[in-house]
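Input: a single structure, listed below in structure tokens.
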There are 2 protein chains.
Amino acid sequence: MELLDNFKAIEVETPVDKIIRQIRSLIVSGYLAPGDKLPSERKLSEKLGVGRTYIRDAIKKLEFFGILTTHPQSGVVVNGTDISAMEGLFSNVMKIERPDFFSLVETRVSMELFSVQNATKRRTDEDLKNLEKALEAYEAKIKISQHAENEDFLFHLKIAEAGHNAVVKTMMLIILPDILAIYKKENFCGEDEKLKRLGEHRAILDAIKEKDADKAVLLMQEHLKNVLEFSKKIL
Amino acid sequence: MELLDNFKAIEVETPVDKIIRQIRSLIVSGYLAPGDKLPSERKLSEKLGVGRTYIRDAIKKLEFFGILTTHPQSGVVVNGTDISAMEGLFSNVMKIERPDFFSLVETRVSMELFSVQNATKRRTDEDLKNLEKALEAYEAKIKISQHAENEDFLFHLKIAEAGHNAVVKTMMLIILPDILAIYKKENFCGEDEKLKRLGEHRAILDAIKEKDADKAVLLMQEHLKNVLEFSKKIL
DNA sequence: CTCCTTTAATTGGTCTACCACTTAACTCAT
DNA sequence: ATGAGTTAAGTGGTAGACCAATTAAAGGAG
């Protein structure tokens, strides 16, 4: 028995894999571009001569990787192929692991420091413009509203983009919403601290502009200090 | 609008996610040990009050992560968790879009430095035992085989575990197999460098044991230097 | 002719019945 | 009492029917 086990991993191609291969070829051949809708499950099922269950499984698998997105009662569309594949993976794994808040924040801090350091070295002029715009949006939101968490986080996301590391940016995209949710629930962002935060953002942006890595990292570290302390308390 | 889109993936917990959480809790609570059979799909469907389709979807997803394995017409069993479970997870997707290797490696280095630093502060005695075991497994594999990449990476994964940050560990779990695949394809690991690597692993473990953070980080940095250079060349 | 309302067709989501295979219990000849 | 042969219950696999939401087409009022 055990000896024969070695030969067992041959695996015939399952119907699902066949379907995946077909859909994949439709995409790589350019017949299906990002944004296009897939033929309906019934049509595919009939065309490929298999049950709809198989089609659904195949779609689900591709959706799992972030290649497709199903819109209920509407259709299945093809996603962009830049980093979306990883994005789907991350969020799926995250659901299974159920991380604690402290780990999330600690990881965020680590990545932010890494990102801001990269940003000082790699930022383009366009990055600077985006950062400036994000900062202004934050400032504007503060003046008219109580809740500016979204704009706050968006600025940090732009820093990650300016760091020009797709993987890190994707990770930030996955982690930040989770942290944001807890922020809102615990009402972490005090009213009086917003102006202080705005100033810190400004200082960080300046450091990025001046390409002063050490200064940027230091400022970011100070900026995120409170959050880290806060997450320790919750723990 | 476009800015807020990034955070828009709010996600309400689907039935499938609920089931996954329940099955997971059965496993982590020890009620289901590796090798055990899951209750049948019908039983679960009745017990949890949902259709069998949902149960099947949940099982399929967990199977995808290597946590479960279904034996047709027989049952579903719980696997041990290992890096090999995730191996090849990306391989399906890679055919469509090859992720930026340099970003992957750069991110890995950043996280490894972060992890090893945490490990020096938080490692338990059990962590040390696991690291020791992983190191021995690596050494043993080197002596009998040419390919010890799995064991190499497993050691690094154990360091991430010793760092006691669930998020970072999860990210490593996702990134490492992908890097591993490229390693194998490009045949990066030279025969002569294996003993050198083993020694470096040993030194890192010692630094963790002695709780010398600075030394551990420095050693890790040196250890990963080649990989980073290599990824730059490929780029 | 235009715009709003209504209606019919189509979509993905869900459930249930049936299938082939496995497994364990049972029967019966030895 | 034992063993092989048989049978029945249980398993995951598959397909099709039905559901609610969406969407596009048809109809009618202005």
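A, B, ... follow the sequence lines: proteins, then strands. Residue 1 opens every chain.
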Does L180(A) reach the side chain of D152(A), with side-chain heavy atoms less than 4.5 Å apart?
no

Rounded to the nearest Å, what distance is computed from the CD1 atom of residue I59(A) to the C1' atom of nucleotide dG12(C)?
9 Å

Establish whether the base of dG13(C) is bridged to the side chain of R52(A) by a donor-acceptor pair shorter than 3.5 Å.
yes

Hey, is the side chain of S40(A) poking within less than 4.0 Å of OP1 or OP2 on dT10(C), counting only N and O atoms?
no

Can you tell me how far C1' of dT16(C) sits from CD of E46(B), to the nearest Å?
14 Å

Classify the nucleic acid contact of T53(A) as base, sugar-phosphate or nothing, counting any heavy atom under 4.0 Å across all strands shown.
base

CG of L154(A) to CD of E161(A), rounded to nearest 0.5 Å, is 8.5 Å

Are any of the side-chain nitrogens in D57(A) or K60(B) under 4.0 Å away from the carboxylate oxygens of its partner?
yes

Would one find a side-chain N or O of S74(B) under 4.0 angstrom from OP1 or OP2 of dG12(D)?
no

Can you check whether any acceptor in the base of dG12(C) is under 3.5 Å from a donor in the side chain of R56(A), or vice versa?
no

Given atom CZ of R42(A) and atom C1' of dT11(C), what is their separation to the nearest angstrom?
7 Å

Return the value, rounded to whole Å, for the distance between atom CG of D57(B) and atom C1' of dC15(C).
12 Å

Write down the distance between OH (Y54(A)) and C1' (dG16(D)), rounded to a whole number of angstrom.
14 Å

Could you tell me how far apart L38(A) (CG) and dT10(C) (P) are, to the nearest whole angstrom?
18 Å

Between Q73(A) and V50(A), the residue closer to the 5' end of DNA chain D by nearest nucleotide is V50(A)

Is there a donor-acceptor pair closer than 3.5 Å between any side-chain N or O of D36(B) and the backbone N or O of A33(B)?
yes

Y183(A) ring center within less than 6.0 Å of F153(A) ring center:
yes

Counting any heavy atom closer than 4.0 Å, what does K43(B) reach on the DNA or RNA strands: base, sugar-phosphate only, or nothing?
sugar-phosphate

In whole angstrom, give the distance that lies between atom CD of E41(A) and atom P of dA9(C).
21 Å

Rounded distance (Å) that lies between atom C1' of dC15(C) and atom CD1 of I19(B)
13 Å

